[in-house]
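Keep in mind that what you see is a predicted model, and the values were worked out from it rather than measured. Per chain, numbering begins at 1; letters A, B, ... match sequence-line order.
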Amino acid sequence: MSYRPLYVFNTLSGEKELFTPIVEGRVGMYVCGPTVYSDVHLGNCRTFVSFDMIYRYLLHLGYKVRYVRNITDVGHLVGDTDTGAEDKIGRIARLERIEPMEVVQKYSNGFHEVMALLNALNPSIEPSATGHIIEQIEMVQKIIDNGFAYETNGSVYFDTLKYAEQTGQYGKLSGRVIDELINESRDNLKNQGEKRHPSDFALWIKADESHLMRWPSKWSVGFPGWHLECSAMSTKYLGTTFDIHGGGQDLKFPHHENEIAQNHGACLSNPVKYWLHGNMLLMNGKKMSKSDGNSILPMELISGNNDIFKEAFSPMTLRFFMMQSHYRSTLDITYDALKAAEKGFSKIKDAYNLIPRLKKAPGSQPVKINQTILSEIEGMYEDMGNDFNTPKALARIFELVSIVNIYHNNPQQEEGLNEESIRLLSSAFDTFVSDVMGIRLKDDILTDGENYTEGLMDIILELRAKARENKDWPTSDLIRDKLSEMNIQVKDGKDGVTWSTGK
RNA sequence: GGUCGGUUGGCCGAGCGGUUAGGCAAAGGUCUGCAAAACCUUCUACGGCGGUUCGAACCCGCCACCGACCUCCA
């Protein structure tokens, strides 16, 4: 079996590379998931939506994909140091007087709800850090056995200097130089007496009595360091070397750099063939970030219940908005940009709904327009194969939108459309917009008791048509205006009336 | 301070040596009872200064500004 060529930008090499899986026909992909100590904000979601699109495209190409996206539910500490600080989840549990696992469950549920709203597919495996304590402890032991970690006072640290000396690799992913890391002079790197070098990081952290989440180990009763869970779980489910590792840009350093070090330390091999990083969602020109207060929750945007944007935006508008920019570019969210996305998306939906109504020429004579449609489809494969260029593919979709509208307005145009034209148009929208980009094209109002609504609308529009025949403009306008208030738009065309929902 | 990345028209956002990106907004027109939608046409670009080249938004240099990372980050 052959696959369409796919080029991906590999952060490790800094170049676009032809994607070739380690095992033919199969792809192992790991994406860093959320830390579930609070609600995921829209910026977090952008990364997950980006990798959902990547997952979808790999599936579409015919690969059998094992997509692992973890839940981090232990090890993330409040503040800047990785010793002695409080666990983020433990902190919430203490403040709210609930079990840490209640915190984890609550925000995991919320995360899943948001992912479902944004039409993200579920990963093949969604492992959690607390569910893999044994694997993490084993990995720490392997790293110690291989001489890349040391114990101090019950905590275990990764020896970055030794790793760098032996492999010359530390900092390769993020472009760091080990000397600079060691000579790092930021004030908050001080007071880390247990480490041999400031750049060393914790694999296992000894916990005091007040710490809610702790497990026994040969070194101490404690908990695993932040980066360890991803190394342990990716190794467990995808093997010591797998195809794709994804995550947000902001995880490159230290998280992913340390992951590589840990995997190497434990398995003595490079874990990942292609590192893919999504760029940040900006708001007010700055990275969306919860700790800076510069963030918005998906539900706040979907419900319109927020102070930042003037109105509600549907989940699919958000997804379309995200797909209109490249995953490796920053994307600035503004009211105007969302409004533009809403209109543009609505244009695609309207055209999609018109496809089945297009007039076809009888017979199966080949028509010229099909060549155009086909070349746009081929173009979209090229765009997607070029590091997932969704904005460019969407530009081609808008070309198809124009074709649909032109032929809908003027069915007599040239040689017209045939069965094949309709099939190609439908499949272009279904494949690229729905399947690959994950943007649902069918209005919710239609999927929800579709026939019922359609039937009612037929009656209403028939009454309006009668009124118009009688030149009863007040009645016909009343119907149109009332429907408009309900966000249903009536569109008078040459060949009859169509309608669509506004959002 | 170090290391990266960016600066495209009113807004968003592709392109990265020669070809209209696209969407939204705006203007005019077609259609329409009116409107909307759609269609046609039009408009406003590549941060600044140099250099390379027959040709630069795209390559190189300098400058300016913005952002990200530098142990909370998707």
Report summary line: Sorted by chain and number, sequence neighbours left out, ring-ring contact (aromatic ring centres under 6.0 Å, His included) with His408(A) holds for none

Query raised in the report: If you measure from the ring centre of Trp473(A) to the centre of the six-membered ring in the base of G33(B), is it under 5.5 Å, with the planes under 30° apart?
Result: yes

Query raised in the report: What interatomic distance, in whole Å, is found between P of A36(B) and the corresponding atom of U44(B)?
Result: 25 Å

Query - Nearest-nucleotide comparison on RNA chain B, the residue closer to the 5′ end among Val490(A) and Leu331(A) - result: Leu331(A)

**Report entry** Pairing residues for Phe223(A) by the ring-ring contact (aromatic ring centres under 6.0 Å, His included) criterion, not counting sequence neighbours
**Finding:** His211(A)

Query raised in the report: Of Met288(A) and Asn389(A), whose closest RNA chain B nucleotide lies nearer the 5' terminus?
Result: Asn389(A)

Report summary line: Here the distance between atom C1' of G23(B) and atom CD of Glu399(A), to the nearest Å, is 11 Å

Query raised in the report: CZ of Phe398(A): more than 12 outside heavy atoms within 6.0 angstrom?
Result: yes

Query raised in the report: Which residues pass the salt bridge (charged side-chain N to carboxylate O under 4.0 Å, His left out) test with Arg319(A), sequence neighbours left out?
Result: Asp52(A)

**Report entry** Rounded C1' spacing from G13(B) to C24(B) in Å
**Finding:** 11 Å

Query raised in the report: Which listed nucleotide (G13(B), G22(B), C34(B)) is nearest to the side chain of Ala395(A)?
Result: G22(B)

Query raised in the report: Looking at Lys466(A) and Asp472(A), does any basic side-chain N land under 4.0 Å from a carboxylate oxygen?
Result: no

Query raised in the report: His41(A): what forms a ring-ring contact (aromatic ring centres under 6.0 Å, His included) with it, not counting sequence neighbours?
Result: none

Query raised in the report: Asn487(A) CG to A36(B) C1': how many Å, rounded?
Result: 14 Å

Query raised in the report: Has the side chain of Ser291(A) got a donor or acceptor atom sitting under 3.5 Å from an opposite partner on the base of C72(B)?
Result: yes

Requested in this report: Taking atom C1' in both A57(B) and C46(B), compute the distance separating them and give it to the nearest angstrom.
Outcome: 4 Å

Requested in this report: Mark yes or no: Arg69(A) above the aromatic ring of Tyr30(A), with NZ or CZ under 6.0 Å from the six-membered ring centre and no more than 45 degrees from the axis.
Outcome: no

For residues 476-484 of chain A, which side-chain donor-acceptor pairs fall under 3.5 Å, sequence neighbours excluded?
residue: Ser476(A); atom: OG; partner: Trp473(A); partner atom: O; Å: 3.4
residue: Asp477(A); atom: OD1; partner: Arg480(A); partner atom: NH2; Å: 3.4

Requested in this report: Could you tell me which residues satisfy side-chain contact (heavy atoms from CB on, under 4.5 Å) with Ala428(A), sequence neighbours excluded, listed by chain and number?
Outcome: Ile377(A), Met380(A), Leu400(A)

Query raised in the report: What distance, rounded to whole Å, do you find between the two P atoms, one in C63(B) and one in C4(B)?
Result: 15 Å

Report task. Could you work out the separation of G51(B) and A56(B) based on their P atoms and round it to a whole Å? Result -> 12 Å

**Report entry** Nearest to side-chain heavy atoms of Asp336(A), which nucleotide of C11(B), G33(B), C69(B)
**Finding:** C11(B)

**Report entry** Phosphate-side-chain proximity, Lys343(A) and A25(B), N/O vs OP1/OP2 below 4.0 Å
**Finding:** yes

**Report entry** side-chain N/O Lys252(A) vs C70(B) OP1/OP2, d < 4.0 Å
**Finding:** no

Requested in this report: Using the test side chain to side chain donor-acceptor pair (under 3.5 Å), find all partners of Thr130(A) that sit at least two apart in sequence or belong to another chain.
Outcome: Asp73(A)

Report task. Can you sort out which residues in residues 276-284 of chain A have a heavy atom within less than 4.0 Å of RNA chain B? Ascending by number, please. Result -> Met280(A), Leu281(A)

Query raised in the report: Can you find a donor-acceptor N/O pair under 3.5 angstrom joining the side chain of Arg480(A) to the base of C34(B)?
Result: yes

Query raised in the report: Are OP1 or OP2 of G67(B) and a side-chain N or O of Lys286(A) less than 4.0 angstrom apart?
Result: yes

Query raised in the report: Between Phe313(A) (CZ) and C12(B) (C1'), how many Å, whole number?
Result: 13 Å

Query raised in the report: Quick one: Asp292(A) CG to G67(B) C1', roughly how many Å, whole number?
Result: 13 Å

Report task. Provide the closest heavy-atom pair for Phe320(A) versus Ile348(A) in the form atom of the first, atom of the second, distance. Result -> CE1-CD1, 3.6 Å

Query raised in the report: Which of these nucleotides, C70(B), A74(B), U32(B), is closest to any side-chain atom of Phe253(A)?
Result: C70(B)

What does the list of N/O pairs under 3.5 Å between the protein and nucleotides 38-41 of chain B look like, with a distance for each?
residue: A38(B); atom: O3'; partner: Asn405(A); partner atom: ND2; Å: 3.1
residue: A38(B); atom: O2'; partner: Asn409(A); partner atom: ND2; Å: 2.6
residue: C39(B); atom: OP1; partner: Asn405(A); partner atom: ND2; Å: 3.4
residue: C39(B); atom: O4'; partner: Asn409(A); partner atom: ND2; Å: 3.3

Query raised in the report: Where along residues 322-329 of chain A does a heavy atom fall under 4.0 Å from RNA chain B?
Result: Gln324(A), Ser325(A), His326(A), Ser329(A)

Query raised in the report: Which nucleotide in the set A37(B), A74(B), G22(B) lies at the smallest distance from any side-chain heavy atom of Gln489(A)?
Result: A37(B)

**Report entry** Geometric cation-pi criterion, Lys343(A) with Phe345(A): 6.0 Å, 45°
**Finding:** no

Query raised in the report: In chain order, what residues pass the ring-ring contact (aromatic ring centres under 6.0 Å, His included) check against Phe321(A), with sequence neighbours excluded?
Result: none

Report summary line: Pairing string of RNA chain B (Watson-Crick or G-U wobble, both atom distances under 3.5 Å; | = paired to other strand) is (((((((..(((.....[...))).(((((.......)))))....(((((..]....))))))))))))....

**Report entry** Six-ring centre of Tyr352(A), Lys442(A) cation under 6.0 angstrom, axis tolerance 45°
**Finding:** no

Report task. Would you kindly check if the NZ (Lys) or CZ (Arg) of Lys310(A) is within the cone defined by 45 degrees around the ring axis of Tyr335(A) and under 6.0 Å from the six-membered ring centre? Result -> yes

Requested in this report: Please state the P separation for the pair G33(B) and C16(B) - nearest whole angstrom.
Outcome: 48 Å

Query raised in the report: The side chain of Cys32(A) lies closest to which of these nucleotides: G33(B), A36(B), A74(B)?
Result: A74(B)

Query raised in the report: From C12(B), G15(B), C72(B), pick the nucleotide closest to the side chain of His76(A)?
Result: C72(B)

Query raised in the report: Please give, in whole Å, the distance from A74(B) P to Ile296(A) CD1?
Result: 18 Å

Report task. Kindly say whether, by distance alone, the side chain of Asp477(A) makes a donor-acceptor pair under 3.5 Å with the base of G33(B)? Result -> yes

Requested in this report: Step through the shown structure and confirm whether more than 12 heavy atoms of other residues, nucleotides or ligands are within 6.0 Å of CD on Glu378(A).
Outcome: yes

